[in-house]
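In what follows, a single structure is set out as structure tokens and then discussed.
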Number of protein chains: 2
Amino acid sequence: MVMGHGVGGRDRPGGRLDAEAAAHVATTLQALATPSRLLILTELRQGPRPVTELAEAVGMEQSAVSHQLRLLRNLGLVTGTRAGRSIVYSLYDNHVAQLLDEAIYHSEHLRLGLADRPDAVG
Amino acid sequence: MVMGHGVGGRDRPGGRLDAEAAAHVATTLQALATPSRLLILTELRQGPRPVTELAEAVGMEQSAVSHQLRLLRNLGLVTGTRAGRSIVYSLYDNHVAQLLDEAIYHSEHLRLGLADRPDAVG
DNA sequence: AGAACGTATGAAGATGTCTTCATGAATACC
DNA sequence: GGTATTCATGAAGACATCTTCATACGTTCT
């Protein structure tokens, strides 16, 4: 059960953004705009994971993972709780999971044009 | 009516990503991970706009807007068609609009922790 | 207390990104 | 054809980002 916030419609689909709001959103999205973090987050999407396990799962060094986790932590996207000597990380809440899912979904359906699209510009 | 692609559920909410897929998604999200581009896109969310109008609406120089538009174009997020001397840009399709909406929605509901969240780590 | 394990952190270097400046190309108007 | 308008583009500099290396911190076990 995913438990969305409604039926699938947001209150106000497409309002303008002021500079501050834009900065806020940009910061949040930047957290998802890196392969390493995306791998970490999708791994966490499967369930809570200690750092070492994460590192192995995504094929990164422990240090690099820790650095990215700190960033994600500071943004409130993940939380870590100690369990023995390990620290187990999880996605912070359902908004994160959904944002992840939706971002992946739309990205996969966008098929990057990357210079092979016949644009009218020229 | 927003006209989603289904009912609000994605096929497979939360699969793992391989390195390639992660890179793809990251690239797409990076396009939304900047205040300037976010402003441009949300302005386009309101409807098609010529470059100069865009520039004025978001308070950027024409050159800067053009550079960002090229990036968004290359990623297939927007298209531009000539109309007289102007080139009118629009969001490429509904996926872009939705991704935008959802990204903004979730971001606004995430309330960046930014170092004031009592994390268990320490 | 000492050793082993798991994680965090700071510094530093390589890269990437964004904006500005100057200029070029296409269209419209006179 | 010449000029004004609208947009694109390349170069360059300021700045941010990510990874690695070295090391420190906290916990567990003996």
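Below, read A as the first sequence line, B as the second, and so on, with proteins coming before strands; counting in each chain starts at 1. Values below: all heavy atoms of this structure, side chains included; hydrogens, waters and symmetry mates excluded.
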Atom [atom1] in [X], atom [atom2] in [Y]: separation rounded to 0.5 Å?
X: A/I104; Y: B/R16; atom1: CD1; atom2: CZ; answer: 12.0 Å
X: A/S66; Y: A/L54; atom1: OG; atom2: CG; answer: 9.5 Å
X: A/L44; Y: A/R37; atom1: CG; atom2: CZ; answer: 13.5 Å

From [atom1] of [X] over to [atom2] of [N], roughly how many Å is that when rounded to an integer?
X: A/R49; N: C/dG6; atom1: CZ; atom2: C1'; answer: 17 Å
X: B/L69; N: C/dC18; atom1: CG; atom2: C1'; answer: 14 Å
X: A/L71; N: C/dT9; atom1: CG; atom2: C1'; answer: 14 Å
X: A/Q30; N: D/dT17; atom1: CD; atom2: P; answer: 6 Å
X: A/R82; N: C/dG6; atom1: CZ; atom2: P; answer: 12 Å
X: A/N74; N: D/dT17; atom1: CG; atom2: P; answer: 13 Å

On DNA chain D, does the nearest nucleotide to B/H67 precede the nearest nucleotide to B/E53 from the 5' side, or the other way round? Give the residue. B/E53
Contacts of A/T34 and B/R85 projected onto DNA chain D by closest heavy atom; the upstream (5') one is B/R85
Kindly state which residues belonging to residues 56-66 of chain A come within less than 4.0 angstrom of DNA chain D, counting heavy atoms of the residue only, listed by number. A/E61, A/S63, A/A64
Under-4.0 Å side-chain N/O to phosphate OP1/OP2 contact, [X] with [N]:
X: B/R70; N: C/dT19; answer: no
X: A/S36; N: D/dC18; answer: no
X: A/R37; N: D/dC18; answer: yes
X: B/Q68; N: C/dT19; answer: yes
X: A/R73; N: C/dA8; answer: yes
X: B/Y89; N: D/dT6; answer: no

Applying side-chain hydrogen bond (donor to acceptor under 3.5 Å, both in side chains), name anything that partners B/Q30, two or more places apart in sequence or on another chain. none
Whether over 12 other heavy atoms sit under 6.0 Å from B/Q46 CD: yes
Any side-chain donor-acceptor pair under 3.5 Å between B/R73 and B/Y92? no
Go through B/L100 and B/L38 one step at a time and tell me if the side chain to side chain contact (heavy atoms under 4.5 Å, CB included) criterion holds. CA-CA 8 Å; B/L100 244 186; B/L38 230 29; 4.0 Å; yes
